[in-house]
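All residue numbers in this chain count up from 1 along the given sequence.
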Amino acid sequence: QVHLVESGGGLVQPGGSLRLSCAASGNIFRLYAMYWYRQAPGKQRELVASITRDDMAYVVPSVKGRFTISRDGAKNTVHLQMNNLKSEDTAVYYCNALIGTDDNFWGQGIQVTVSS
């Protein structure tokens, strides 16, 4: 079993920055990849970024150049650096972890609000 805890969300003005973190604990020996998803009100949950155990990183085109996903040296915490935030980035952001090839786990979600 894996437990994920997100942190770093909050309220920011357009053009501002936030850094989300997701700490994984439990049975993470076979952690393969971690992901950030987001879900805005009335919309489906969508992938934002991913990073593998080999540090292959990906961000979706809509946030490319603004968001960066990374993993710390301990490889149990993933970060999402969000710069030049826009109102359309407002959503609940969820961390997800893939263990091996079959098991994934979700964090509780954290609110990001971009507003003047």
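Using a 4.5 Å cut-off on side-chain heavy atoms (C-beta onward), R53 and R71 make contact. Contact check for V78 versus I51: side-chain heavy atoms found under the 4.5 Å cut-off. No side-chain heavy atom of V48 sits under 4.5 Å from any side-chain heavy atom of Y37. In this structure, the side chains of V5 and H3 come closer than 4.5 Å at one or more pairs of heavy atoms.
The structure places CZ of R30 at 10.0 Å from OG1 of T101, a figure rounded to the nearest 0.5 Å. Atoms CD and OG, on Q13 and S87 in that order, are 13.0 Å from each other to the nearest 0.5 Å. If you take CD1 on I28 and CZ on F105, they are separated by 11.5 Å, rounding to the nearest 0.5 Å.
Cluster annotation: V92 and L11 are assigned to distinct hydrophobic clusters (Ile/Leu/Val/Met/Phe/Trp/Tyr, side-chain heavy-atom contacts under 4.5 Å, transitive). Taken together through direct or relayed side-chain contacts under 4.5 Å among Ile, Leu, Val, Met, Phe, Trp and Tyr, V60 and L80 form part of one hydrophobic cluster.
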Would you check, one step at a time, whether the test side-chain contact (heavy atoms from CB on, under 4.5 Å) holds for Y32 with I99?
-> CA-CA 5 Å; Y32 177 74; I99 310 300; over 6 Å; no

Are Y94 and Q39 close enough, and set up right, to give a side-chain contact (heavy atoms from CB on, under 4.5 Å), and what steps lead you there?
-> CA-CA 8 Å; Y94 296 89; Q39 187 167 21; 4.2 Å; yes

Can you list the steps and then say if K86 with R66 is a side-chain contact (heavy atoms from CB on, under 4.5 Å)?
-> CA-CA 10 Å; K86 304 175 180 179; R66 299 189 298 119; 3.9 Å; yes

Going through the distances and angles, do W36 and Y93 end up as a side-chain contact (heavy atoms from CB on, under 4.5 Å)?
-> CA-CA 7 Å; W36 285 102; Y93 284 70; 4.3 Å; yes

Passes side chain to side chain donor-acceptor pair (under 3.5 Å), H79 versus S21? Steps please.
-> CA-CA 4 Å; H79 308 282; S21 297; 2.8 Å; yes

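Listed here is the closest heavy atom pair of N76 and D72: N-OD1, 3.5 Å. L31 approaches A97 most closely through the heavy-atom pair CD1-CB, 3.7 Å. Across all non-hydrogen atoms, the minimal contact from Y35 to L98 is OH-CD2, 3.7 Å. For N83 against S17, the heavy-atom pair with the smallest separation is OD1-OG, 2.9 Å. Between I69 and S50, the closest heavy-atom pair is CG2-O, 3.4 Å. W106 and L4 make their closest contact through C-CD1, 3.9 Å (heavy atoms, listed as atom of the first residue, atom of the second, distance).
A donor-acceptor contact shorter than 3.5 Å is absent between the side chain of R45 and the backbone of A40. Of the possible polar contacts, one joining the E6 side chain to the Q108 backbone as a donor-acceptor pair under 3.5 Å is found.
Sequence neighbours left out, the pairs with a member in residues 87-116 that pass disulfide bond (SG atoms under 2.5 Å apart) are C22-C95. Among residue pairs with one or both ends in residues 32-43, those qualifying as salt bridge (Lys or Arg N to Asp or Glu O under 4.0 Å) are R38-E46, R38-D89; sequence neighbours excluded.
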Contacts under 3.5 angstrom, residues 109-116 side chains, donor-acceptor by atom type, not counting sequence neighbours:
| unit_1 | atom_1 | unit_2 | atom_2 | d |
| --- | --- | --- | --- | --- |
| Q111 | NE2 | A91 | O | 3.4 |
| Q111 | NE2 | T113 | OG1 | 3.2 |

